[in-house]
Amino acid sequence: MTEPAVSDPIQNDEPENPLPLATLNVALGDRSYDIFIGDGAIRQAGHLMQGVLASPNTVIVTDENVAPHWLAPLEASLNAAGITHRAVILPPGEHTKSLKYLDELTDSLLRDGIDRKTTLIALGGGVIGDLTGFAAAVLLRGIDFVQVPTTLLAQVDSSVGGKTGIDTRYGKNLIGAFHQPKVVIADTQTLDTLPRRELLCGYAEVVKYGVINDPAFFEWLQSNAAVLLDGDAAARREAVLRSCTSKAEIVAADERESGVRALLNLGHTFAHALEAQVGFEDKLKHGEAVAIGMVMALDLSARLKMGDTSARDRLIAHLQDVGLPTDIKTLLGDNWTANALLDHMGRDKKTEGGKLTFILAGDIGQSEVVRNVDPAVVTQTLDAFIAAAR
Ligand code: NAD
Ligand code: GLY
């Protein structure tokens, strides 16, 4: 496995922010790139991206929630570095990750003029990052893009690793491409304007890295979650750095998800079934579904005798401490059955030939890909959650 290097930190030039940015490299040969993490990174964005731009022409793609807070500081930083820019501001929300807005975005970019050396800058959460990255992958047969993630989820997950795409009526992310960014600039100060519920959704993905392969990080989170979620700069920089380090290692080892990258889907098969059952409504956000999904995965692991239930119970305790859901009490409807949820899992694109594959863990940090899981045991887990919620 290629070790990502954590290089000497760059000094942040804002006197009120003494913490340096952390840096990390995603090692992918000629597609390698740096990730810069910390409070105030956007103020240095122009300088940080200067070396990777094919020309000084950029277009910022962002959304209506992010633009009022973070577009001006980014523009000022680009101005200071002599980088030209214009902005496309899209509506917020998952529905923007669609053919309709891909059409609007590419139309606007082509109408106002781009060339093969133009770089797109995705300023926003995973929706803007995935859409902009996909537009960059297909425009003029591929142009560069830069990620400036502004949600915790995007900073620890979606901005790293090059998965880009849009949703379809048949499911999420079914049209897409692998297209790596040229650099990722994760300004943790942007989390100050993020609604608490969105912050918690991203936090579920942070916890995921501890459960996948880093029990020491899980323990660190147990001690530091409160200050991190309350905005402590050092704690959130550390959480984003350790999450990105974990993701960078996995992506460097398996960029196209033919093996170990599947570990990043811990909790996601259950999560997607829950989201499909709820109907992708605001009632259950993806990160909340992942939190419940991880608990279900550890419950299933215990039923398959991979370990006892103590890992599941430690996870439940930590998620509840921070205010994330761990059961389906607020979701359950009359039509909820184990079979209905299993049916949704069958439609998830992560199933292989109708056989169920799960990421399971007998203990915190001991995750593995388990194929051909007996649907009868999955039913036991689902029945137990449904019974507990009735
Ligand atoms: P999002 O992009 O919809 O952002 C959540 C909300 O927060 C939106 O309303 C947005 O406008 C707002 N927002 C963003 N930053 C803000 C800020 N700093 N201040 C105030 N408001 C802000 O959602 P998300 O959770 O960031 O991303 C979810 C998407 O990411 C999904 O489409 C999912 O499929 C995708 N995803 C992709 C990958 C990948 O590897 N590419 C991985 C995980 C998730
Ligand atoms: N979020 C899963 C992945 O990037 O592979």
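We count ligands from 1, going down the list as the structure has it; atoms in each ligand are counted the same way.
- Both the backbone and the side chain of Thr193 come within 4.0 Å of ligand 1, judged by heavy-atom distances.
- Contacts of Thr150 with ligand 1, taken as heavy-atom pairs under 4.0 Å, involve both backbone and side chain.
- Within the 4.0 Å heavy-atom shell around ligand 1 one does not find His268.
- At least one heavy atom of Lys247 sits less than 4.0 Å from an atom of ligand 2.
- Close contacts of ligand 2 with Lys163, meaning ligand atoms under 4.0 Å from a residue heavy atom, involve 2 (C), 3 (C), 4 (O), 5 (O).
- The part of Lys97 lying near ligand 1 is the side chain, judged by heavy-atom distances below 4.0 Å.
- For atom 22 (C) of ligand 1, the closest heavy atom belonging to the protein is Leu194 CD1, 3.6 Å.
- Contacts between Glu198 and ligand 1, counted as non-hydrogen atom pairs separated by less than 4.0 Å, involve the side chain only.
- Neither the backbone nor the side chain of Val160 has any atom closer than 4.0 Å to an atom of ligand 1 (non-hydrogen atoms only).
- Side-chain contact between Leu324 and Tyr203 is present, with at least one heavy-atom pair separated by less than 4.5 Å.
- Side-chain contact annotation: Ser258 with Asp254, donor-acceptor N/O pair under 3.5 Å present.
- Under 4.0 angstrom from ligand 1, the non-hydrogen atoms of Lys247 all belong to its side chain.
- With a 4.0 Å heavy-atom cut-off, ligand 1 is reached by no atom of Lys285.
- Contacts of Val160 with ligand 2, taken as heavy-atom pairs under 4.0 Å, are absent altogether.
- Heavy atoms of Val127 found under 4.0 angstrom from ligand 1 belong to the backbone as well as the side chain.
- For ligand 2, the atoms sitting less than 4.0 Å from at least one non-hydrogen atom of Glu257 are 5 (O), numbered in the order shown with element in parentheses.
- For ligand 2, the atoms sitting less than 4.0 Å from at least one non-hydrogen atom of Arg261 are 3 (C), 4 (O), 5 (O), numbered in the order shown with element in parentheses.
- Under 4.0 angstrom from ligand 1, the non-hydrogen atoms of Glu94 all belong to its side chain.
- If you number the atoms of ligand 2 from 1 as listed, the ones under 4.0 Å from a heavy atom of Leu264 come out as 2 (C), 3 (C), 5 (O).
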